[in-house]
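Report on one structure; see the data block that follows.
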Protein chains: 2
Amino acid sequence: MPPSPRTRPPLHRVTVLDAAVELADAEGIEAVSMRRLAERLGVVPMALYKHVSDKEDLLDGMIDRVIAQFQPGDPSADPSADPSAWPDAVRRVLLSTREVVQRHPWARRVIETRTHRTPAVLAYMEAVTQLFLGGGLSPDLTHHVMHVLGNRIWGFSPELFNDPGGRPASDRPRTSGQPVPSDFPGILAIAADASARRPGATGCDEEFEFRFALDLLLDGIARLHASEWASPPL
Amino acid sequence: MPPSPRTRPPLHRVTVLDAAVELADAEGIEAVSMRRLAERLGVVPMALYKHVSDKEDLLDGMIDRVIAQFQPGDPSADPSADPSAWPDAVRRVLLSTREVVQRHPWARRVIETRTHRTPAVLAYMEAVTQLFLGGGLSPDLTHHVMHVLGNRIWGFSPELFNDPGGRPASDRPRTSGQPVPSDFPGILAIAADASARRPGATGCDEEFEFRFALDLLLDGIARLHASEWASPPL
DNA sequence: ACCTGAACACCGTTCAAGT
DNA sequence: ACCTGAACACCGTTCAAGT
């Protein structure tokens, strides 16, 4: 039986979000309905709407809770101390990311449908961006690298990269809305570089990014093939 | 007004699937419900169930119709004639794939949720596999390459690669069910090689594949960084 | 063989009302 | 401030019935 309203502590946003994450872990994302979630919390469905504005907001929040578990890299290691250390640092970050995503198998698919840049998403992107910039990569190369990793590894949707500057954006698509806050210097540096490079362009050139990722892969594969490939190589 | 049952030609599976694709293109995948689709076809919702067994089957069929548009490569070019031509051939295939996926923006996300290996999916994978094998890549390297491309480029789910052999598979996950038909020699060669290499293993080592993809990317990025990177390089 | 009608068990979300 | 009840407009799917 559900706990009586008198004994149950009042709901908070995190309580709701974490219960939703638990439910998705246990029974899959398609089991996460407002009604089932409310039932699990011993509450009537409408009670949830005090803590999330609608189901989109619930999903945004669930993803935030997952991304909050990502290790944004070892903060004790100063990347500029040893610029050549960035590949290992990136590898560590992404392998720990993968562990989190494996614990929440529904997360990647949900991340792919999000077009909002929540603070948690921005903070994570900023941390990874700093690894590359700190390693001496140019803002331009870092930008492309974030696209390759974002799309192919995390599942970030391309819209997430659109128009991070604070420009007019009157007829922007349904993406996000709010500009990048100023405490994400790496992301801002990349955005500034991109708009300096292609002045008229808002957002990114998806065609170019796709070809970049593809050629990067094919080039690597060709080299593996040319050398005497024998598994496992890594 | 909907056409009268007398004047409307009888529905066929393709008619239903193509109408669903059109609807998804026009109003997004979330607009594709059995009821809205039926309405668009001038028919009562239940009439659709003669042509698709349920909504999963509808989505499978829609993806089949999209994948059927993929160009499986230029069949007039014999890959073994010029083994070094495979990177260009792959590039052409994937760029044409991308054009199709761009025309159906909902497709990538739906593909990611499919775990069935429909004949169209198999035929496409077979064609790409043959490009690599024909270029002289080992079955093992081809296998890894298909994982990298499948996951990161097409959105194929990892389950799609599981256990393609015709082994017992009594307690296989909910994936697929039917073994690979024998007219996909490239896929079978890869599967045979994989199970010879890791005898006990059923399916693939996701951890290993992930590290493979990641290291391939990081290695490529490091080299771009080391050389004097200046965009556009491609 | 193909389609229909009524029904069931679900959804997300509104509004006005309760404490 | 937080939760509830009743209601609305949707879902996918069943079954038995129609032509």
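In what follows, chains are A, B, ... by sequence order, proteins preceding strands, each numbered from 1.
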Legend entry - Main-chain N/O of Leu11(A) paired to His51(A) side chain as donor or acceptor, under 3.5 Å: yes
Legend entry - Atom-to-atom span, CG of Leu41(A) to C1' of dC3(D) - whole angstrom: 13 Å
Inset, instruction - Measure the distance from CZ on Arg35(B) to C1' on dG12(C) and round it to the nearest whole Å. - result: 15 Å
Legend entry - Heavy-atom side-chain proximity of Met62(B) to His104(B) below 4.5 angstrom: no
Legend entry - Interatomic distance, Leu58(B) CG vs dT13(D) C1' [rounded to whole Å]: 14 Å
Legend entry - For dA1(C), the Watson-Crick or wobble partner whose two distances fall under 3.5 Å: dT19(D)
Inset, instruction - Look at all strands and tell whether Met46(B) reaches a base, only sugar-phosphate, or nothing, counting heavy atoms closer than 4.0 Å. - result: base
Inset, instruction - May I ask you to verify if any side-chain N or O of His51(A) is less than 4.0 angstrom from the OP1 or OP2 atom of dC3(D)? - result: yes
Legend entry - Spacing of Leu37(A) atom CG relative to dG12(C) atom P, expressed in whole Å: 9 Å
Inset, instruction - Rounded off to whole Å, could you give me the CG-to-P distance for the Leu48(B) and dT13(D) pair? - result: 11 Å
Legend entry - Per Arg36(B) side chain, nearest of listed nucleotides dG12(D), dC11(D), dT4(D): dC11(D)
Legend entry - Rounded interatomic separation in angstrom, taking OH from Tyr49(A) and C1' from dT4(D): 15 Å
Inset, instruction - Calculate the interatomic distance between Asp54(A) atom CG and dC15(C) atom P; express it in whole Å. - result: 14 Å
Legend entry - Check: Ala194(A) main-chain N/O paired with His143(A) side-chain donor or acceptor under 3.5 Å: no
Legend entry - Lys50(B) side-chain N/O to dC3(C) phosphate OP1/OP2 under 4.0 Å: no
Inset, instruction - Kindly point out which of dT4(C), dC3(D), dT13(D) is positioned nearest to the side chain of Leu11(A)? - result: dC3(D)
Inset, instruction - Indicate yes or no for a side-chain donor-acceptor contact from Thr129(A) to the backbone of Met125(A) under 3.5 Å, with no hydrogens or angles considered. - result: yes
Inset, instruction - Quick one: look up who dA6(D) pairs with, Watson-Crick or G-U, both distances under 3.5 Å, and put none if it's unpaired. - result: dT14(C)
Inset, instruction - Please report, rounded to the nearest Å, how far the P atom of dC11(D) is from the CD atom of Glu30(A). - result: 19 Å
Inset, instruction - Determine, stepwise, if the pair Asp25(B) / Arg103(B) fulfils salt bridge (charged side-chain N to carboxylate O under 4.0 Å, His left out). - result: CA-CA 8 Å; Asp25(B) 289 347; Arg103(B) 284 203 298 274; over 6 Å; no
